[in-house]
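We're numbering straight along the sequence, starting at 1.
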Amino acid sequence: MRVLVTGGAGFIGSHVAEALRAAGHTAVTLDVLLPQAHAGRPRADADVDLVCDVRDGEAVERALHGVDAVCHQAAMVGLGSDFGDAPDYVGCNDLGTATLLAAMARRGVRDIVVAGSMVVYGEGAYTCAEHGRVRPGPRRESDLAAGRFDPPCPRCGAPLEPGLVGEDAPTDPRNVYAATKLAQEHLCAAWARAVGGRAVSLRYHNVYGPSMPRDTPYAGVASFFRSALARGEAPRVFEDGRQRRDFVHVRDVADANVTVLEALSARPEGVLSVFNTGSGTPHTVGEMAWALAEAHGGPSPEVTGEYRLGDVRHITACSARLTEEFGWRPRVGFTEGVEEFARADLRARSEADASAR
């Protein structure tokens, strides 16, 4: 199988391309090589087949020649600095996806796996002892400033018990990045209906591992902590460190993409299917910081009580559907993955405040 991997020089995309080749497939990598994401890397030396922007329809259409399927990883990622980032997120993520899908329609390529995200859910699943399953609204800044980080029951104000989110949970994007990731799925669904295509969105949870970008406000929390340790500084843990996340290793995510791509031709035509892609084992942000610091040899994390508007408190996945339908299982345990990540190389520091897969 010949697969076009957009964002193929980035953190996740490069691992996907490597996994495809290890499985005997041909991976054609496309990346614009933004200096923000690939600082200090000469374009001629980059491990990528095609240097072009996914928003360049003619170039993308040429790249699709002879391709059987697309693995769409190209995106601007992370929470961002402020709402001024909105045009960049929409341009990279949504216009880029629309341009790619239009080129696929013209070329007759009918299979795509897109990098989705758990951020489309907003807050995770919560249960109230009295009212059962509830969906709290966005946390108020006054509560965050007062150190009240856990959302209360929206009906009675009682404490809530967080649980695992399934794919049938309502979507509720809470920031610009989340909104663009949901829009990508809607675009893929519309494309699949229009052309009889097969589309799958893998809703990644907190992906970490070797080659994460370093020292950028757009990276994930694991990268923040690892970057601080590389500078000899204490990882700064926001809120109280008890936020629950699902940290999944990048090799497991790459394997999920390969597994789905290999089975895509048997999927129903004309629909988009979504699958959570996580480890299935929740850990707190504080646990990640302490485990990384211990494996790296210090310094110890600092719990700051700081917060970011747009962050959610608890979001962890149930990935049983991906296992049931495709046989995929995560193989890298938390302890093993963190110990490797604590010593792994990160991507060079960017001179600008952006990051693209």
Side-chain angles (χ1 to χ4, degrees), residues 1-8 11-27 67-73 75 97 101 104 109-121 125 164-169 171 181-182 184-185 188-189 191-193 196-209 246-282 315-334 336-337 357:
M1 179 169 54
R2 185 178 178 88
V3 181
L4 176 66
V5 182
T6 69
F11 168 45
I12 298 176
S14 61
H15 284 274
V16 171
E18 180 181 354
L20 280 166
R21 290 165 182 150
H25 304 292
T26 300
V67 163
D68 301 300
V70 172
C71 188
H72 184 32
Q73 305 294 317
T97 298
L101 293 171
M104 291 175 64
V109 180
R110 294 295 182 260
D111 292 337
I112 185 169
V113 174
V114 62
S117 175
M118 55 85 181
V119 296
V120 301
Y121 296 118
L164 299 180
V165 179
E167 291 88 346
D168 57 350
T171 54
K181 296 307 288 184
L182 185 57
Q184 282 185 308
E185 291 187 352
C188 286
W191 166 85
R193 288 192 296 270
R198 291 173 287 254
V200 167
S201 175
L202 296 178
R203 288 177 174 171
Y204 301 157
H205 280 245
N206 290 70
V207 186
Y208 75 99
D246 186 328
F247 295 100
V248 58
H249 196 277
V250 67
R251 286 199 298 274
D252 284 333
V253 168
D255 287 343
N257 276 273
V258 175
T259 298
V260 173
L261 282 162
E262 290 177 337
L264 204 55
S265 61
R267 300 292 301 175
E269 295 180 357
V271 297
L272 166 76
S273 303
V274 300
F275 296 90
N276 289 333
T277 308
S279 72
T281 306
I315 177 67
T316 53
C318 175
S319 299
R321 182 182 292 180
L322 186 58
T323 298
E324 291 167 0
E325 295 201 24
F326 292 97
W328 170 86
R329 297 181 187 276
R331 301 181 184 278
V332 183
F334 182 76
E336 172 193 354
R357 281 197 194 98

K.L.:
Just so I know, are the side chains of Asn206 and Met118 near enough to count as touching, which here means a heavy-atom distance under 4.5 Å?
P.N.:
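Sidechains of Met118 and Asn206: in contact.
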K.L.:
Could you give the distance from CG (Leu261) to CG (Asp68), rounded to the nearest 0.5 Å?
P.N.:
10.5 Å
K.L.:
Which residues satisfy the side-chain hydrogen bond (donor to acceptor under 3.5 Å, both in side chains) test with Ser201, sequence neighbours excluded?
P.N.:
Glu185
K.L.:
Kindly write out the residues that satisfy side-chain contact (heavy atoms from CB on, under 4.5 Å) with Arg321, not counting sequence neighbours, or none if the list is empty.
P.N.:
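Partners of Arg321 by the side-chain contact (heavy atoms from CB on, under 4.5 Å) criterion, ordered by chain and then number, come out as Glu167, Phe275, Glu325.
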K.L.:
So do Asp246 and Leu164 actually touch side chain to side chain, heavy atoms under 4.5 Å?
P.N.:
no
K.L.:
Okay, side chain of Asp252, backbone of Val332: is any donor-acceptor separation there less than 3.5 Å?
P.N.:
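Here the side-chain-to-backbone pair exists.
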K.L.:
Report the residues that fulfil side-chain contact (heavy atoms from CB on, under 4.5 Å) with Ala320, sequence neighbours left out, ordered by chain and then residue number.
P.N.:
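Listed in chain order: Cys318, Glu324.
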K.L.:
Do Ile315 and Tyr121 make a side-chain contact, defined as non-hydrogen atoms from C-beta onward lying under 4.5 Å apart?
P.N.:
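Counting from C-beta outward, Ile315 and Tyr121 do come under 4.5 Å.
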K.L.:
Less than 4.5 Å apart, side chain to side chain, heavy atoms only: is that true for Met104 and Val70?
P.N.:
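Sidechains of Val70 and Met104: in contact.
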K.L.:
For Val207, which residues count as a side-chain contact (heavy atoms from CB on, under 4.5 Å) partner, sequence neighbours excluded?
P.N.:
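Once residues adjacent in sequence are excluded, the partners of Val207 under the side-chain contact (heavy atoms from CB on, under 4.5 Å) criterion are Phe11, Ile12, Tyr204, Val248, Val250, Val253.
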K.L.:
Can you give the donor-acceptor pairs under 3.5 Å from side chains of residues 15-26 to other protein atoms, not counting sequence neighbours?
P.N.:
from: His15; atom 1: NE2; to: Pro210; atom 2: O; distance (Å): 3.1
from: Arg21; atom 1: NH2; to: Ala27; atom 2: O; distance (Å): 2.8
from: His25; atom 1: NE2; to: Glu262; atom 2: OE2; distance (Å): 2.7

K.L.:
Can any side-chain N or O of Thr6 pair as donor or acceptor with the backbone N or O of Gln73 at less than 3.5 Å?
P.N.:
yes
K.L.:
Atom CG in Leu272, atom CZ in Arg267: separation rounded to 0.5 Å?
P.N.:
10.0 Å
K.L.:
List for me each residue that meets ring-ring contact (aromatic ring centres under 6.0 Å, His included) alongside His249, sequence neighbours excluded, and say none if there are none.
P.N.:
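ring-ring contact (aromatic ring centres under 6.0 Å, His included) list for His249, sorted by chain: Tyr208.
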K.L.:
Looking at residues at least two apart in the chain, or sitting in another chain, which of them share a side-chain contact (heavy atoms from CB on, under 4.5 Å) with Ser319?
P.N.:
Asn276, Ala317, Trp328
K.L.:
Taking only residues two or more places apart in sequence or in another chain, which ones pass salt bridge (Lys or Arg N to Asp or Glu O under 4.0 Å) with Asp111?
P.N.:
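If we apply the salt bridge (Lys or Arg N to Asp or Glu O under 4.0 Å) test to Asp111, skipping adjacent residues, the hits are Arg198.
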K.L.:
Check side-chain hydrogen bond (donor to acceptor under 3.5 Å, both in side chains) between Thr259 and all other residues, then give those that pass, not counting sequence neighbours.
P.N.:
none
